[in-house]
2 protein chains.
Amino acid sequence: MGRKAGITLESVVEAATAIADRDGLDAATLTAVADELGIKTPSLYNHLEGLSGLRRLLAIHGSQLLLKTFEEAIGDLEGTEALRSIAQADRQFAREHRGLYDSFLPAPKPDEDTELYEAMAEPVFLVAHVLLDMGIPQSEAIHLIRALRALLHGFLDLEAREGFGMPVGIDASFDVAVELIIGGIEAAAASSR
Amino acid sequence: MGRKAGITLESVVEAATAIADRDGLDAATLTAVADELGIKTPSLYNHLEGLSGLRRLLAIHGSQLLLKTFEEAIGDLEGTEALRSIAQADRQFAREHRGLYDSFLPAPKPDEDTELYEAMAEPVFLVAHVLLDMGIPQSEAIHLIRALRALLHGFLDLEAREGFGMPVGIDASFDVAVELIIGGIEAAAASSR
DNA sequence: GATGTATGACTAATGGCATTAGTTACTCTA
DNA sequence: TAGAGTAACTAATGCCATTAGTCATACATC
């Protein structure tokens with residue numbers, strides 16, 4: 001056979017995303033993706049660089065989708081209202097796109113994969129802007145953003161793994177946790193005014 | 001050959017731990033562990049139930065080691081001092097025992113593996129006691145413990161993956177993040193008195 | 001001390017997955 | 001319309017986990 005199935009990079013990513021979000025990132029094997037697309041596994045190598053290439057594409061795609069999600073979550077909001085909205089949006093993203101969420105956990109070094117690194121940095125920049133707009137100096141903002149990222153990531157990761165035990169009151173726990181960090185951010189903003 | 005190499009469950013866990021902490025959890029394959037012990041891979045099945053069994057043993061071992069680490073970190077300390085010490089100990093544990101730390105991330109359901117579940121719950125109970133001893137009612141403590149766990153796990157996971165970008169000032173970021181949560185815990189304790 | 005059973009090692013074989021090499025057919029351009 | 005590139009393919013390799021079946025040795029029992 002010559003060329004036949006109209007496989008595009010987009011269709012590969014789409015198929016892989018569907019599998020990863022449904023059955024987990026590890027289920028998005030080259031074999032599974034190829035099956036889904038109706039081609040043989042080696043044919044995928046015409047489009048990407050093996051499994052690591054697929055993971056990379058998922059990470060870029062996921063980062064872009066997360067960025068869009070954050071942008072919509074912020075909308076016209078500012079300050080703590082924007083942060084609250086981002087937190088909720090992040091949680092919803094992690095629930096709806098488990099595979100994509102997991103795909104951008106292994107962070108690349110800035111110099112070894114610039115495109116991926118920048119894609120993953122975009123959502124962080126967006127949040128950073130919110131803090132800077134609140135008047136928090138960069139030297140403080142960097143710590144607070146890391147705290148917020150850590151809390152969100154840790155919560156969503158534990159939640160996905162059912163690491164909290166009884167799922168009772170998890171929504172409330174999330175709100176409490178987010179408010180703790182936002183409280184700290186608010187305090188930093190207040191003392192910078 | 002009949003029986004020869006004096007393989008015990010302890011020596012298997014020890015070998016697997018060494019590999020996992022050095023090269024990552026994924027590197028602790030049955031093949032690698034068997035090689036390390038000087039036996040063939042299938043022989044391991046006389047001691048444990050395949051790869052999932054090995055992971056389980058690592059998770060139990062890791063949880064017990066973490067518990068001991070927390071106990072030593074607390075020592076005679078109470079309240080926020082104890083929490084600060086636990087946070088630092090947790091971070092050090094994650095750095096020294098990357099493989100073990102990752103091994104107890106996939107949480108089992110309480111009823112499907114009671115032994116593992118309880119081993120993993122012990123360190124959480126220990127922290128819970130600190131909060132309860134501070135006079136925080138259980139209904140509030142549950143949220144605060146989840147927040148603390150989420151923050152610590154998220155931070156250590158992101159740090160291990162170099163997800164924070166530039167490693168500049170990470171120690172300070174960790175302290176800021178921990179203090180934010182501890183501040184919230186302190187406030188809850190104060191309002192309960 | 002002989003015997004017999006359970007243990008803990010082994011070899012052999014299977015299957016899933018990623019990967020590489022080499023092949024072929026189709027499509028599009030010159 | 002001929003040639004070049006593309007995108008599929010088959011075939012083969014290697015790593016890993018896993019299962020089945022074998023066999024020697026250690027230990028307990030008589």
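Chain identifiers are assigned alphabetically (A, B, ...) following the order of the sequence lines, protein sequences preceding nucleic acid strands; residue numbering begins at 1 within each chain.
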[X] [atom1] - [N] [atom2] separation (whole Å):
{"X": "A/Leu54", "N": "C/dC17", "atom1": "CG", "atom2": "C1'", "value": "14 Å"}
{"X": "B/Ile7", "N": "C/dC10", "atom1": "CD1", "atom2": "P", "value": "8 Å"}
{"X": "B/Lys40", "N": "D/dC16", "atom1": "NZ", "atom2": "P", "value": "13 Å"}
{"X": "A/Leu37", "N": "D/dC9", "atom1": "CG", "atom2": "P", "value": "11 Å"}
{"X": "B/Asp35", "N": "D/dA17", "atom1": "CG", "atom2": "P", "value": "11 Å"}
{"X": "A/Leu51", "N": "D/dG14", "atom1": "CG", "atom2": "P", "value": "20 Å"}

Inter- and intrachain pairs under salt bridge (charged side-chain N to carboxylate O under 4.0 Å, His left out), touching residues 71-83 of chain B, at least two apart: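 Every salt bridge (charged side-chain N to carboxylate O under 4.0 Å, His left out) pair that includes a residue of residues 71-83 of chain B, provided the two are not neighbours, is B/Glu81-B/Arg84.
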Which residue pairs pass the salt bridge (charged side-chain N to carboxylate O under 4.0 Å, His left out) test with at least one member in residues 55-70 of chain A, sequence neighbours excluded? A/Asp26-A/Arg55, A/Arg56-A/Asp113, A/Arg56-A/Glu115
Does the [X] side chain pair with the main chain of [Y], one donor and one acceptor, at a distance under 3.5 Å?
{"X": "A/Ser191", "Y": "A/Ala188", "answer": "yes"}
{"X": "B/Thr69", "Y": "B/Leu65", "answer": "yes"}
{"X": "B/Ser63", "Y": "B/Ala59", "answer": "yes"}

Got a sec? Which of residues 19-34 of chain B come in under 4.0 Å of DNA chain D, heavy atoms? B/Thr29, B/Leu30, B/Thr31
Would you mind listing every side-chain hydrogen bond (donor to acceptor under 3.5 Å, both in side chains) that reaches into residues 167-176 of chain B, with sequence neighbours excluded?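 Listed by first then second residue: A/His143-B/Ser173, A/Arg146-B/Ser173, B/Gln88-B/Asp175, B/Arg91-B/Asp171.
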When you measure from every atom of DNA chain C, which of residues 41-50 of chain B have a heavy atom less than 4.0 Å away? B/Pro42, B/Ser43, B/Asn46, B/His47
Matching residue for B/Thr80 among B/Val130, B/Ile185, B/Ile182 - test: side chain to side chain contact (heavy atoms under 4.5 Å, CB included): B/Ile182
Going by the rule side-chain contact (heavy atoms from CB on, under 4.5 Å), which residues pair with B/Pro137 if we only count those two or more places apart in sequence or in a different chain? B/Ser139, B/Glu140, B/Ser192
